[in-house]
Protein chains: 2
Amino acid sequence: MTNLKLDQQLCFAVYSAAHAFTRFYRPLLGALGLTYPQYLVLLVLWERDGQTVSAIGEKLLLDSGTLTPLLKRMEAMGLVTRKRADHDERQVLVHLLPPAMAMKSVAEGFPQQMVAASSCSGEEIDILRRTLVGLREQLDATTAAA
Amino acid sequence: MTNLKLDQQLCFAVYSAAHAFTRFYRPLLGALGLTYPQYLVLLVLWERDGQTVSAIGEKLLLDSGTLTPLLKRMEAMGLVTRKRADHDERQVLVHLLPPAMAMKSVAEGFPQQMVAASSCSGEEIDILRRTLVGLREQLDATTAAA
DNA sequence: CACAATTAAATTGCACGCAATCTAAATGCA
DNA sequence: TGCATTTAGATTGCGTGCAATTTAATTGTG
């Protein structure tokens with residue numbers, strides 16, 4: 001007797017759903033030359049331009065080991081600038097460049113396309129989203145306590 | 001007006017929950033010397049030993065580009081064997097070795113620990129799991145159709 | 001039977017994630 | 001002020017994921 005069947009694992013359901021999202025977004029983002037994590041960075045900067053690497057990392061739950069090379073690639077693509085803050089040279093401020101700002105209007109259509117593909121109502125999606133955020137917080141609280 | 005706020009994105013809720021799971025499992029699996037994807041391979045093989053690379057890949061939604069090096073690492077660790085099938089030399093059969101079999105009894109405790117950490121009832125978790133599987137199937141159906 | 005088409009893995013190349021470590025700047029406290 | 005501590009990013013190393021290509025074995029068809 002075991003409770004280890006793959007199909008019964010919530011962790012695998014989340015893991016595979018996350019990959020399904022990146023598969024779904026790949027053609028949409030590929031048209032903009034973006035990867036999914038790069039898109040997440042733009043979501044953060046579209047809300048407020050000119051944030052530090054660590055501020056971006058707190059929102060996305062990513063560290064500098066992931067963000068530094070990712071932001072350098074976005075800089076090389078002409079999407080953002082990276083410059084040291086005047087008042088604190090340890091910090092690096094990330095600002096959007098016009099091409100990245102222009103992408104926002106294209107991205108406006110993505111959520112609606114996701115809803116259509118999901119065959120879920122907006123309410124169902126909202127409940128699911130809240131449930132997942134709560135689960136993540138619970139798991140991280142336990143992980144941090146260990 | 002925009003619907004692009006990070007906190008409103010279902011995709012990010014799923015993405016970050018998936019990372020929270022790997023963070024949660026890391027100390028548990030680390031004691032066994034396993035990564036999370038390697039653990040998934042064991043879940044598949046514990047259900048049925050001696051599967052091909054593509055059979056494993058179908059269940060986990062991973063391709064040979066991911067699985068071949070992963071399985072080679074597991075082979076190097078003495079967890080599995082990889083040998084060409086007699087009846088079809090294109091296929092590679094993966095079999096568990098005793099150390100990997102012994103890990104199953106340790107892993108039996110993981111789901112319960114996850115439930116405890118999640119602060120969710122078994123029923124809530126089951127509903128969430130089913131919802132995510134359905135979402136994944138809908139997304140993949142749309143992605144494949146494009 | 002010959003040979004094109006298909007199939008299963010493996011390989012290559014690139015972009016994450018993240019632990020561990022390093023560097024440089026800012027802070028705090030004697 | 002002097003110097004240890006802390007903090008922000010960068011770097012290194014390793015293990016995924018996945019697209020694209022390659023290799024080798026099998027299948028299908030004339």
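- The side chain of B/T35 sits closest to D/dT16 out of C/dT11, D/dA19, D/dT16.
- Using bins of under 30°, 30° to 60° and over 60° for the plane-to-plane angle, the ring pair A/Y39/A/W46 lands in the perpendicular bin.
- Between A/T35 and A/L29 the shortest side-chain heavy-atom distance does not fall below 4.5 Å.
- With respect to the salt-bridge test (charged N to carboxylate O, under 4.0 angstrom), the residues B/R82 and B/E75 qualify.
- Contact of A/S64 with D/dA10 (side chain to base): a donor-acceptor pair of N or O atoms is detected under 3.5 Å.
- Distance from the side chain of A/R73 is smallest to C/dA15 among D/dA8, C/dA15, D/dC18.
- Note: CD (A/Q91) to P (C/dA24) measures 18 Å, nearest angstrom.
- Rounded to whole Å, the distance from NE2 on B/H19 to P on D/dT16 is 14 Å.
- Atom NZ of B/K83 is separated from atom P of C/dA10 by 14 Å (rounded to the nearest Å).
- The listed nucleotides are D/dG9, D/dG17, C/dA10; the one nearest the side chain of A/T52 is D/dG9.
- For A/Q38 and C/dC16, the shortest distance from a side-chain N or O to OP1 or OP2 is below 4.0 Å.
- Counting any heavy atom pair closer than 4.0 Å across all strands shown, B/I56 reaches no nucleic acid atom.
- Rounded to whole angstrom, the span from the CD atom of A/E58 across to the P atom of C/dC18 amounts to 15 Å.
- D/dA8 atom C1' lies 16 Å from atom CG of A/L62, rounded to whole Å.
- A/L61 comes within contact range of the sugar-phosphate backbone alone, with a heavy-atom separation under 4.0 Å but no base atom that close.
- Nearest-nucleotide positions on DNA chain C place B/A55 closer to the 5' end than the other of A/Y36 and B/A55.
- A distance-only check finds no donor-acceptor pair linking the side chain of B/S54 to the backbone of B/G57 [under 3.5 Å].
- Both A/R84 and A/R23 sit near DNA chain D, but only A/R84 has its closest nucleotide nearer the 5' end.
- A donor atom on one side chain and an acceptor atom on the other are not found under 3.5 Å apart for B/Q138 and A/S118.
- Looking at the side chain of A/L70, the nearest of the listed nucleotides C/dA10, C/dC16, D/dG9 is C/dC16.
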Pairwise N/O distances under 3.5 Å, protein to nucleotides 25-27 of chain C:
unit_1	atom_1	unit_2	atom_2	d
C/dA26	OP1	A/E89	N	3.0
C/dA26	O4'	A/R90	NE	3.4

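- When the side-chain nitrogen and oxygen atoms of B/K72 are compared with OP1 and OP2 of C/dT11, one or more of them lie within a distance under 4.0 Å.
- Between C/dA9, D/dG9, C/dC18, one nucleotide has an atom nearer to the side chain of B/T68 than all others, and that is C/dA9.
- Of all nucleotides listed (C/dA8, C/dA19, C/dA15), C/dA19 comes nearest to the side chain of B/R26.
- Aromatic rings of B/F21 and A/Y15 (six-membered ring for Trp) have centroids beyond the 6.0 Å cut-off, not under it.
- Atom P of nucleotide D/dC14 and atom CG of B/L34 are separated by 19 Å, given to the nearest angstrom.
- A sub-4.0 Å separation between OP1 or OP2 of C/dA9 and a side-chain N or O of B/S54 is present.
- In this structure, CZ of B/F24 is placed 16 Å from P of C/dC18, rounded to the nearest angstrom.
- For A/K5 and A/D7, the salt-bridge test fails: no basic side-chain N is under 4.0 Å from an acidic carboxylate O.
- Rounding to the nearest 0.5 angstrom, the gap separating the NZ atom in B/K59 from the OG atom in A/S16 is 14.5 Å.
- Considering only the side chain of B/Y15, C/dG17 comes nearest among C/dA10, D/dA10, C/dG17.
- Whole-Å rounding puts the B/D63 CG to D/dT22 P distance at 17 Å.
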